[in-house]
Amino acid sequence: NKLEKINLPSGIERIETEAFYNASNLTSIFLPATITHYGSTVFYDCHNLNDVQIEDGATIFPPLRGTEINEITIPSSIKIIPSYAFPPSITEVVLPEGLERIEELAFYECNKITSIKLPSTIKFLGSSCFYGVPITQLELPEGIEELGSGCFEGTKIEELYIPKSVKKLGSLDAYWDDWGLETYTLKKITFACDLNEDVINTEYPVISSPAEGLYNYHDEVYEGLRDNEIHNLKHRVELVFEDSVKTIAGIERSTFSGPFKSIDFGNGIERIEQGAFGVAVENVVLPPTLKIMGGGFTEVKNLTIQSDFENVGGGFSNGYLVNLDTGIYVVEED
């Protein structure tokens, strides 16, 4: 803990976990471009470290969690931002063009950052990578390929546009966590990527309403609840599917688990598979392009069918029924 300055020579490839743990007087370090691996908490409790020199040509950024650095320049050669890359003291981060991956928890609890701009080269966002960052919006560039489950948890994001380039998709719920009180913030999500079984990369719903399983509420439901709990019970997300979306695959726990404010299927949907939707929405309009209906919706009050189905494998509960023998017709439960 008396060490003040370190110059690491070119040729070093790995720095393992806690290598400089509690080097409390360390103020300066030079990191050569040959480093290809950092363990976690490399600089934990290095509170005086404020001069981190990263050699041009480096492809991985160092994990600076445990320092109190408030600004740093990221070299243009960096391809990977690792887990716990930034300390909560950081006030602004400029991500360079050429960056490809942001790993899980990279920006964990960086609550002084109010905006993030992703470069056009980004390919991957890891789970909870922005947890605790109070951003209200984030533009995902065309070209991004994988969104890890929970990559928007712990943010204040209200709208998301999922580009056509996405090939792997985890859960996308966004909520702000204030001392253990979670308040859901996501209001609208638009999908341009297809949602076939190869794309859906989660055992949990892509969107899961905190009011799942509840549709109509009475005032007594809210008695004794905190403000955030009341907000969550009333929270509804708007879903929009662009014409480029042909399939909505299903999973055991429902790919989309509402209730939802509205669902716009566009004019491209051809397949809605078993397990695609749980609790749905008051009004559902099935577009004329829809040919295969593997499963139904629950708690639908008003259903409009514009399709001539080729195959129907399920029904609509709480008011509507698909007759598999005679084609399709709607029977009012009452």
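Few gaps surround CZ on F265; more than 12 heavy atoms of other groups in view lie less than 6.0 Å from it. More than 12 heavy atoms of other residues, nucleotides or ligands shown are found within 6.0 angstrom of NZ on K168. By the neighbour-count criterion of 12 heavy atoms within 6.0 Å, atom CD of E13 is sparsely surrounded, having that number or fewer from other residues, nucleotides or ligands. When the shell of 6.0 Å around CD of E16 is examined, it contains more than 12 heavy atoms from other residues, nucleotides or ligands. A 6.0 Å sphere centred on NZ of K164 holds no more than 12 heavy atoms belonging to other residues, nucleotides or ligands. Counting non-hydrogen atoms of neighbouring residues, nucleotides and ligands closer than 6.0 angstrom, the CD atom of E142 exceeds 12 such neighbours. In Q53, the CD atom is crowded: over 12 heavy atoms of neighbouring residues, nucleotides or ligands sit closer than 6.0 Å. More than 12 heavy atoms of other residues, nucleotides or ligands lie within 6.0 Å of CD in E158, so this atom counts as buried by the packing criterion.
Linking ILVMFWY residues whenever their side-chain heavy atoms come closer than 4.5 Å, directly or via other members, leaves L105 and V93 in distinct clusters. When hydrophobic clusters are built by joining Ile, Leu, Val, Met, Phe, Trp and Tyr residues whose side-chain heavy atoms come closer than 4.5 Å, directly or via intermediates, I80 is grouped together with L95. Y108 and I81 sit in two unconnected hydrophobic clusters of ILVMFWY residues. Membership requires side-chain heavy atoms under 4.5 Å apart, directly or through other members. F124 and V133 fall into different hydrophobic clusters, where Ile, Leu, Val, Met, Phe, Trp and Tyr side chains are chained together by heavy-atom contacts under 4.5 Å. Both F86 and L118 sit in one connected hydrophobic cluster of ILVMFWY residues. Membership requires side-chain heavy atoms under 4.5 Å apart, directly or through other members.
Without hydrogens or angle criteria, T289 side chain to I269 main chain gives a donor-acceptor distance under 3.5 Å. Here the side chain of T17 pairs a donor or acceptor atom with the backbone of S40 at under 3.5 angstrom. At distances below 3.5 Å, at least one donor-acceptor pair connects side-chain atoms of S307 with backbone N or O atoms of P287. Here the side chain of T185 pairs a donor or acceptor atom with the backbone of I157 at under 3.5 angstrom. For N232 (side chain) and Y184 (main-chain N/O), a donor-acceptor pair under 3.5 Å exists by modelled atom type. Checking side-chain atoms of S244 against main-chain N and O of A192 turns up a donor-acceptor pair under 3.5 Å. In this structure, T202 contributes its side chain and Y204 its backbone to a donor-acceptor pair below 3.5 Å. In terms of modelled atom types and a separation under 3.5 Å, the side chain of T67 and the main chain of L64 share a donor-acceptor contact. At least one donor-acceptor pair under 3.5 Å links the side chain of T121 to the backbone N or O of L99. Of the possible donor and acceptor atoms, one in the side chain of S89 sits under 3.5 Å from a partner among the backbone N and O of E68.
At a threshold of 4.5 Å between non-hydrogen side-chain atoms, the residues L169 and N201 do not count as touching. Between I69 and F43, every side-chain heavy-atom pair lies at or beyond the 4.5 Å cut-off. Considering only heavy atoms from C-beta on, I6 comes within 4.5 Å of F20 through its side chain. The side-chain heavy atoms of D173 and L186, taken from C-beta on, include no pair separated by under 4.5 Å. Side-chain contact between F107 and I135 is absent, with no heavy atoms from C-beta onward closer than 4.5 Å. With contacts defined as side-chain heavy-atom distances shorter than 4.5 Å, the pair E310/E270 does not qualify. Annotation: side chain of C151 is not in contact with side chain of F130 (no heavy-atom distance under 4.5 Å). Taking 4.5 Å as the limit, some side-chain heavy atom of V285 sits within range of a side-chain heavy atom of Q306.
Ring planes of H235 and H231: tilted class, angle from 30 to 60°. Relative ring orientation between F277 and F241 is described as perpendicular, the plane-to-plane angle rising above 60° on a 0-90° scale split at 30° and 60°.
Residues P141 and P163 share a closest heavy-atom pair of O-CG, 3.6 Å. Pairing each heavy atom of I54 with each of A58, the nearest pair is CG2-CB, 3.7 Å. Taking each heavy atom of S127 and S149 in turn, the nearest pair found is CB-O, 2.8 Å. Closest heavy-atom contact between S165 and G143: OG-N, 2.7 Å. I162 and L147 make their closest contact through CD1-CD1, 3.9 Å (heavy atoms, listed as atom of the first residue, atom of the second, distance). Contact detail for P205 and S171: the closest heavy-atom pair is O-CB, 3.3 Å.
Remark: the E242 side chain and the T190 side chain contain no N/O donor-acceptor pair separated by less than 3.5 Å.
For residues 18-36, the set of pairs meeting the side-chain hydrogen bond (donor to acceptor under 3.5 Å, both in side chains) definition, not counting sequence neighbours, comprises S28-D51.
Salt bridge annotation for R271-E197: absent, with no cationic side-chain nitrogen under 4.0 angstrom from a carboxylate oxygen.
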Legend entry - Steps toward side-chain contact (heavy atoms from CB on, under 4.5 Å) verdict (D177, Y131): CA-CA 9 Å; D177 188 351; Y131 196 94; 2.6 Å; yes

Inset, instruction - Please lay out, stage by stage, how Y38 and I60 fare under the test side-chain contact (heavy atoms from CB on, under 4.5 Å). - result: CA-CA 8 Å; Y38 289 98; I60 184 169; 3.9 Å; yes

Inset, instruction - Could you give me the CA-CA distance, side-chain angles and deciding distance for T255 and L195, then say whether side-chain contact (heavy atoms from CB on, under 4.5 Å) is met? - result: CA-CA 10 Å; T255 304; L195 296 169; 6.0 Å; no

Inset, instruction - Show your working on side chain to side chain donor-acceptor pair (under 3.5 Å) between E71 and T91 and close with a plain yes or no. - result: CA-CA 6 Å; E71 59 180 41; T91 57; 5.4 Å; no

Legend entry - side-chain contact (heavy atoms from CB on, under 4.5 Å) between D194 and V245, worked out: CA-CA 4 Å; D194 203 20; V245 182; 4.0 Å; yes

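Here the CD1 atom belonging to I102 is positioned 5.5 Å from the CG atom belonging to L125, to the nearest 0.5 angstrom. Note that CD of E159 is 8.5 Å distant from NZ of K187, once rounded to the nearest 0.5 Å. Atom CG of N7 is separated from atom CD1 of I29 by 8.5 Å, given to the nearest 0.5 angstrom. To the nearest 0.5 Å, the span separating CG on L140 from CD1 on I122 amounts to 10.0 Å. Separating the CG atom in N267 from the CG atom in L290 is a distance of 11.5 Å, to the nearest 0.5 Å. Note that CZ of F260 and NZ of K188 are 15.0 Å apart. Values are rounded to the nearest 0.5 Å.
If you run side chain to side chain contact (heavy atoms under 4.5 Å, CB included) between E55 and each of P75, P32, S77, only P32 comes through.
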